Amino acid sequence: MKETAIYIHIPFCDHKCIYCDFYSIISYDNISSYLNSLKKEIDFYSAKYSAERKIISVFFGGGTPSFMEPYYISEILQYIKKKFSVNENTEITLETNPGTVSLKKLEEFKKIGINRISVGIQSFNEDELKFLTRIHNSQTAIQTVLDSAAVGFENISVDLIFNLPGQTKEKWEKNLNQAVALPIKHISAYSLILEKGTILNKMVIDGKVKMQNEDYDADLYEFTIDFLTQHGFEQYEVSNFAKNGYECIHNNAYWRYKDYLSFGTSAHSFVNGKRWWNYSALNFYNAAIESKGNAVIGEEILSVKEKLNEYVMLALRSKGLDLIELKKYFGEDWLMKNKNYLNQLEQEKFLIKKNEMIKFTPKGYAVCDEILTKFSS
Ligand code: SF4
């Protein structure tokens, strides 16, 4: 059975946050037609791919999936379970925004089969939350995590953003201290990225907001790695940290180059070396599903060289590059070509090599994008 992850995109949101460039819709008129389309899309791909596949994770992302009523998420989940091989060990995550769930709603999400909650907190500082235009305050965020634990969720993750304009190291440390004091097993800590087309980008162009510089960003990042490691969260990817046994199975599927099937607007899939992606706009997505059962707007079949580059990049950004596996899949060429550069990185303590694995050090993670561009393929 081939291990496969499933992602479902729920594009609906309460409002648009200033930094967000995800496809999201601030209207609920189309919720039922979207559900019908999702089911048809699941039909289309399950007919092609469900045999011989074991589903290791189902991830409801968005958008704001927790804005949906539990029966809505349940209907999608039941449909997936009907069409694919999902068992009691499958990780089933719901991205959850503070301010969208009560204790009762969380209880219902638990009952319908969600077993992992990923809470988009971003900050515990009231000024930072206002700046990010989040709909919740710090207390609501804390309460959402406590309520999730109270109804029996054991696997809880939180998302935080650092390097916000004007954020001092002390403020960031306070955020981290608050996070590790909560009953959580996983933290995703991202640096604020300025994406084109966002409200924040316009604010920066208009001179209303000043972003912090890259050196400060790297400084906060290395501080984050040290802090979280000392508090029992092991780094297993550039931005992700987990207590022992709680790495996100869904994330790992992406980073370990496993197949994933994704449903919904703007969803990207990767199966048997082929990648495809859907229409982003809801009306185009619905119309395409109606007429042909899928909503693919683009696709690519990766060449061996592209596969090799992605494989190396994903492995190094996460748990490390297994040299035995690399040789098995791609031969020795890449290692021969990059031998000198790898030695240099090891000497300068950007990489460590142990038991046929090479892995970034915290210093290497901080500049990994730059390092990755310098490998020859
Ligand atoms: S809630 Fe999340 S997906 Fe929706 S606009 Fe804000 S950041 Fe984007």
Side-chain angles (χ1 to χ4, degrees), residues 7-31 34 38 59-69 72-73 76 93-102 105-106 109 114 116-145 148 156-165 167 175 179 186-204 209 211 239-240 248 250-251 254 262-268 277-282 285:
Y7 173 83
I8 303 104
H9 191 70
I10 305 291
F12 307 102
C13 279
D14 173 76
H15 74 295
K16 193 77 191 166
C17 301
I18 59 162
Y19 58 97
C20 179
D21 73 332
F22 293 135
Y23 177 70
S24 54
I25 302 162
I26 321 296
S27 150
Y28 295 94
D29 300 345
N30 298 302
I31 285 177
Y34 190 62
L38 281 175
F59 194 103
F60 290 91
T64 312
S66 60
F67 229 39
M68 302 293 104
E69 288 305 322
Y72 189 91
I73 300 294
I76 302 167
T93 302
L94 183 81
E95 274 187 350
T96 302
N97 274 3
T100 61
V101 281
S102 60
K105 198 171 176 187
L106 283 164
F109 279 132
I114 302 294
R116 183 173 183 274
I117 289 281
S118 172
V119 193
I121 290 177
Q122 319 313 354
S123 171
F124 292 101
N125 177 294
E126 301 300 353
D127 292 338
E128 290 178 354
L129 287 169
K130 276 190 199 127
F131 169 75
L132 292 169
T133 58
R134 301 293 292 173
I135 58 167
H136 60 89
N137 61 23
S138 176
Q139 191 47 46
T140 317
I142 293 169
Q143 200 57 48
T144 298
V145 174
S148 301
I156 304 172
S157 173
V158 300
D159 285 1
L160 295 174
I161 301 180
F162 64 90
N163 203 25
L164 301 177
Q167 187 181 54
N175 277 327
H186 186 281
I187 298 181
S188 300
Y190 302 101
S191 164
L192 180 65
I193 307 267
L194 196 56
E195 302 285 1
K196 278 191 190 141
T198 58
I199 302 165
L200 179 60
N201 193 41
K202 171 113 181 36
M203 288 163 83
V204 171
V209 169
M211 297 289 281
S239 307
N240 285 275
C248 176
H250 191 79
N251 288 349
Y254 294 142
S262 302
F263 305 114
T265 51
S266 68
H268 283 57
W277 49 96
N278 282 353
Y279 283 104
S280 293
L282 185 63
Y285 169 80

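Fair warning: this is a prediction, and the values are worked out from it, not measured in the lab. First listed ligand is number 1; within each ligand, the first listed atom is number 1.
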The ring pair (Phe, Tyr, Trp, His ring centres under 6.0 Å) partner of Y285 among W277, Y34, Y279 is Y34

Atoms of the protein (N/O/S only) found under 2.8 Å from atom 8 (Fe) of ligand 1: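 Hits for atom 8 (Fe) of ligand 1 below 2.8 Å: C20 SG.
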
Would you indicate whether Y190, at its atom OH, is surrounded by more than 12 heavy atoms from other residues, nucleotides or ligands within a distance under 6.0 Å?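 It does: Y190 OH has more than 12 such atoms within range.
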
Test item: side-chain donor near acceptor, [X] and [Y], under 3.5 Å:
| X | Y | value |
| --- | --- | --- |
| S188 | N240 | yes |
| T140 | N137 | yes |
| N175 | E128 | yes |

Mind listing the closest non-hydrogen atom pair of G63 and C13 along with its distance? CA-SG, 3.4 Å

Side chain to side chain, N97 and F67, heavy atoms closer than 4.5 Å: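 In short, these two side chains do not touch, never coming nearer than 4.5 Å.
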
Judged by heavy atoms only, the candidate from R134, H15, Q122 nearest atom 2 (Fe) of ligand 1 is R134

For atom 1 (S) of ligand 1, grab the closest protein heavy atom and report residue, atom and distance to one decimal in Å.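 Looking only at protein heavy atoms, the one closest to atom 1 (S) of ligand 1 is N97 ND2, 3.2 Å.
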
